[in-house]
2 protein chains.
Amino acid sequence: MKFSKATNYALHSMLHLAATKSNTPVGVQVLAKKQDISPTYLSKILTKLAKEGMINSVSGANGGYTLSHGWESISFLDIIHAIEGKSSLFACYNHGPGCPIQKVMLNSEVKMEEELKKYTIADLI
Amino acid sequence: MKFSKATNYALHSMLHLAATKSNTPVGVQVLAKKQDISPTYLSKILTKLAKEGMINSVSGANGGYTLSHGWESISFLDIIHAIEGKSSLFACYNHGPGCPIQKVMLNSEVKMEEELKKYTIADLI
DNA sequence: TTAATCACAGACAATTAGACTCTTTGATTA
DNA sequence: TAATCAAAGAGTCTAATTGTCTGTGATTAA
Ligand code: SF4
Ligand code: SF4
């Protein structure tokens, strides 16, 4: 029961992109060095974000990543979902929707998600 | 980012103990069979709960587990903490308490915990 | 047109955490 | 005294996480 490091990296990368208010792409080298991790690994993570349309990737020299149009409305939850997936935190083996344990666990999860949905990276800068 | 199966087992065991309103101990064999898992593995999980004082263990023939005094006030969160530990879901590497990312993540986590604190196994029966 | 610089992809390796099993010990009871 | 229980520790198996390595294709600057 932990958020993965990848989620941490994704959040920080998004924050960095949002903080550097520029429309010139930021390379993965820069993002990786800032977080002291491998560029190739971070690349995979950023590719996930790109596939979800949160960032744009620019190939070639002076390429890198830029925030996509409408980035201001990307929530923490969106980023987390892109990395961790959207399945429930509580795995029950489907004994039906009426189960009381399931109900409490899922409900609590929703409370967290509601909060994560409220905040965007734009709120941080 | 998943609750462990152990947490599921612990919750179900507690629910079973609470549902069988009897002061004679319930053996791990019974609890394990009901959940279709190994008794020795479940034993380890129940030992954690016992160490936190949530249940009492009775050795010897006709032994097993009983709910401890005051069990009605044991919350979901208590049980989860006993199994998963109490550390934060979001591991940051301590860049200080002022960090905006940290603030959002921890706050969301608290929202979930508040909800998990509201409910007890007693509420389910 | 060539060389450098970038993202992307896939295969792989290392590490860690989760989910168990096996076996022994010690307490309690019949 | 034998059977029945929980507790504890070592060890195993598996899956997920966290990476690395290498090659490919796009873009740009020289
Ligand atoms: S929580 Fe409910 S639905 Fe999930 S495994 Fe348990 S009994 Fe089944
Ligand atoms: S979230 Fe904040 S405190 Fe945590 S690692 Fe990132 S910058 Fe540091």
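Lettering follows sequence order; numbering is per chain, from 1. Values reported hereafter were calculated over all heavy atoms of this structure, with side chains retained and with hydrogens, waters and symmetry mates removed.
Contact of the B/Val104 side chain with the A/Leu11 side chain is not registered, since no non-hydrogen atoms from C-beta on lie closer than 4.5 Å. You'll find the side chain of A/Leu42 reaches within 4.5 Å of the side chain of A/Ser13, heavy atoms only. Side-chain contact check for A/Ile55 versus A/Met14: some heavy-atom pair is nearer than 4.5 Å. Counting heavy atoms from C-beta on, the side chains of A/Leu89 and A/Met112 come closer than 4.5 Å. Counting heavy atoms from C-beta outward, A/Ile80 and B/Met105 have side chains that approach closer than 4.5 Å. The shortest distance between side-chain heavy atoms of A/Asn8 and B/Phe90 falls below 4.5 Å. Taking the side chain as every heavy atom from C-beta outward, A/Ile125 and A/Leu15 approach each other to under 4.5 Å.
Note: the hydrophobic cluster containing B/Val110 does not contain B/Met1 (ILVMFWY, side chain heavy atoms under 4.5 Å, direct or indirect links).
Put simply, CG on B/Leu124 and NZ on A/Lys103 are 9.5 Å apart, with the number rounded to the nearest 0.5 Å.
Under the side chain to side chain donor-acceptor pair (under 3.5 Å) criterion, B/Glu113 pairs with no residue at all, not counting sequence neighbours. Residues satisfying the side chain to side chain donor-acceptor pair (under 3.5 Å) criterion with B/Ser108, sequence neighbours excluded, are absent altogether. With sequence neighbours excluded, the residues forming a side chain to side chain donor-acceptor pair (under 3.5 Å) with A/Ser38 are A/Thr40, listed by chain and number.
At whole-Å resolution of the value, CD in A/Glu52 and P in C/dC8 are 14 Å apart. Separating the CG atom of B/Leu89 from the C1' atom of D/dT17 is a distance of 17 Å, rounded to the nearest angstrom. Nucleotide D/dA7 holds its C1' atom 14 Å from the CD atom of B/Gln29, rounded to whole Å. Atom CZ in A/Phe3 sits roughly 17 Å away from atom C1' in D/dA16 (whole-Å rounding). Distance NZ (A/Lys2) to P (D/dT18): 12 Å, rounded to an integer number of Å.
A salt bridge (charged side-chain N to carboxylate O under 4.0 Å, His left out) check over residues 116-125 of chain B, counting only residues at least two apart or in different chains, returns the pairs B/Glu115-B/Lys118. Sequence neighbours left out, the pairs with a member in residues 64-91 of chain B that pass side chain to side chain donor-acceptor pair (under 3.5 Å) are A/Lys2-B/Ser87, B/Ser4-B/Glu84, B/Thr7-B/Glu84, B/Ser75-B/Asp78, B/Ser88-B/Glu109. Residue pairs meeting the salt bridge (charged side-chain N to carboxylate O under 4.0 Å, His left out) criterion with at least one member in residues 25-54 of chain A: none, sequence neighbours excluded.
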Hey, what are the protein-to-nucleotides 25-30 of chain D N/O distances that come in under 3.5 Å?
unit_1	atom_1	unit_2	atom_2	d
D/dT27	O2	A/Ala61	N	3.3

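None of A/Leu67, A/Val30, A/Val26 except one satisfies the side chain to side chain contact (heavy atoms under 4.5 Å, CB included) rule with A/Thr20; the exception is A/Val26.
Listed in residue order, the members of residues 4-17 of chain A having a heavy atom less than 4.0 Å from DNA chain C come to none. Looking at residues 34-49 of chain B, you'll see B/Ser43, B/Lys44, B/Thr47 sit with a heavy atom under 4.0 Å from some atom of DNA chain D. Applying a 4.0 Å cut-off to non-hydrogen atoms, none of the residues of residues 74-85 of chain A approaches DNA chain D.
The rotation axes computed at either terminus of the helix from C/dT1-D/dA30 to C/dA17-D/dT14 lie 10° apart, taking five pairs at each end and rounding to 10 degrees. Between its two ends, the helix from C/dA19-D/dT12 to C/dA30-D/dT1 turns its axis by 10°, counting five pairs per end and rounding to 10 degrees.
Scanning both residues, A/Ile83 and A/Ala10, for their nearest heavy atoms gives CG1-CB, 3.7 Å.
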Exercise for the section: For A/Ser22 and A/Thr24, run side-chain hydrogen bond (donor to acceptor under 3.5 Å, both in side chains): C-alpha distance rounded to whole Å, both residues' side-chain angles, the deciding distance at 0.1 Å, then the answer. Expected result: CA-CA 6 Å; A/Ser22 127; A/Thr24 65; 2.8 Å; yes
